[in-house]
Amino acid sequence: MGNKTQTEINSVFVENMKALGLWTEKLKSEVLEMGSVQHSKMVPKELKKLFETSLEIPWQYHLSHQQAFQKYTDNAVSKTINLSRETPVETVSEIYWTAWEYGLKGITIYRDGSKADQVLQACRLNRSPNC
């Protein structure tokens, strides 16, 4: 069996863009090409913040979110932090150290491209060697 791919744009994002009159073929092409709206001139800044991809959310936010949630949970809470393939080892170390300082019971990091195959990929069409 060969590799199969499925390209998807978040339906909540699409519906919001349609409701605001911002959804166009040009925006669709831009999102498919770039894998994000963060560089789009068509999407207002305040909306870009709402539609960050997992790779665009700072790791510090992931940990503070987990810390707040775990405070009210008897069991452990585990959270995956998705990192770009360019993330240095020092940052990975800082994430685990900070999680320990926060008293978190479960943390996972996933560095994009760290496995030969992966289920989800943030691809920029014609720009990623794995897509």
Side-chain angles (χ1 to χ4, degrees):
M1 282 186 126
N3 287 340
K4 296 186 187 257
T5 61
Q6 175 181 331
T7 303
E8 182 177 326
I9 299 176
N10 183 287
S11 62
V12 174
F13 169 74
V14 172
E15 291 306 314
N16 275 271
M17 294 302 105
K18 285 180 178 178
L20 295 168
L22 298 173
W23 188 246
T24 63
E25 283 300 315
K26 184 177 179 182
L27 180 57
K28 179 180 177 180
S29 295
E30 188 175 277
V31 170
L32 287 171
E33 181 181 343
M34 299 303 295
S36 172
V37 296
Q38 299 310 307
H39 300 292
S40 175
K41 295 188 183 333
M42 295 179 267
V43 178
K45 185 179 178 179
E46 56 275 4
L47 291 177
K48 289 178 185 179
K49 187 68 179 160
L50 292 174
F51 292 103
E52 291 178 326
T53 68
S54 62
L55 292 172
E56 294 165 339
I57 298 170
W59 64 264
Q60 296 89 341
Y61 178 80
H62 285 280
L63 291 183
S64 63
H65 181 84
Q66 182 178 348
Q67 182 184 34
F69 187 83
Q70 185 170 291
K71 182 177 180 180
Y72 301 101
T73 305
D74 290 333
N75 296 327
V77 175
S78 182
K79 176 116 182 48
T80 299
I81 300 172
N82 293 294
L83 302 171
S84 71
R85 63 180 62 228
E86 295 82 23
T87 303
V89 172
E90 295 79 15
T91 300
V92 174
S93 178
E94 187 177 359
I95 292 168
Y96 281 114
W97 184 258
T98 304
W100 178 80
E101 286 178 330
Y102 286 179
L104 302 181
K105 297 175 183 174
I107 190 74
T108 302
I109 62 106
Y110 183 79
R111 189 169 176 256
D112 188 47
S114 63
K115 303 254 186 210
D117 292 309
Q118 59 190 54
V119 175
L120 298 175
Q121 297 181 37
C123 295
R124 294 182 177 141
L125 296 181
N126 303 319
R127 295 187 181 173
S128 174
N130 296 326
C131 298

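This chain uses plain numbering: 1 for the first residue, then up along the sequence.
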Verify same cluster id: [X], [Y] (apolar side-chain graph, 4.5 Å):
X: W100; Y: Y102; result: no
X: Y110; Y: I57; result: no
X: I107; Y: W97; result: no

Atom pair [atom1]/[atom2] of [X] and [Y] - distance to nearest 0.5 Å:
X: H62; Y: I95; atom1: NE2; atom2: CD1; result: 8.5 Å
X: I109; Y: W59; atom1: CD1; atom2: CH2; result: 12.0 Å
X: Y96; Y: L63; atom1: OH; atom2: CG; result: 10.5 Å
X: Q67; Y: K79; atom1: CD; atom2: NZ; result: 14.0 Å
X: E56; Y: N82; atom1: CD; atom2: CG; result: 11.5 Å
X: I81; Y: L55; atom1: CD1; atom2: CG; result: 12.0 Å

Point to revise | Close side-chain approach of S54 to T80, heavy-atom, < 4.5 Å | key: no
Point to revise | Close side-chain approach of V43 and M17, heavy atoms under 4.5 Å | key: yes
Check your understanding: Around atom NZ of K28, are there more than 12 heavy atoms of other residues, nucleotides or ligands at under 6.0 Å?
Key -> no
Minimal non-hydrogen separation, [X] against [Y], with atom names:
X: Q38; Y: F51; result: NE2-O, 3.7 Å
X: G106; Y: Q66; result: O-NE2, 2.6 Å
X: Q70; Y: L104; result: NE2-CA, 3.5 Å
X: S78; Y: T108; result: OG-OG1, 4.0 Å
X: G35; Y: T53; result: O-CG2, 3.6 Å
X: K48; Y: V37; result: CE-O, 3.5 Å

Practice item. Using the side chain to side chain contact (heavy atoms under 4.5 Å, CB included) rule, take L50 and N16 through it: C-alpha gap first, then chi angles, then the decisive distance, then the call. Key: CA-CA 11 Å; L50 292 174; N16 275 271; over 6 Å; no
Study note, to complete from the structure: Hits for salt bridge (charged side-chain N to carboxylate O under 4.0 Å, His left out) against E52, two or more places apart or cross-chain, chain-then-number order -> K49
Practice item. Could you walk me through whether L83 and V92 pass side chain to side chain contact (heavy atoms under 4.5 Å, CB included), step by step? Key: CA-CA 9 Å; L83 302 171; V92 174; 4.0 Å; yes
Check your understanding: For V77, what are the other residues in its hydrophobic cluster, where any two members join if their side-chain heavy atoms are less than 4.5 angstrom apart?
Key -> F69
Check your understanding: Distance-only, no hydrogens or angles: does the S93 side chain make a donor-acceptor pair with backbone N or O of V89 under 3.5 Å?
Key -> no
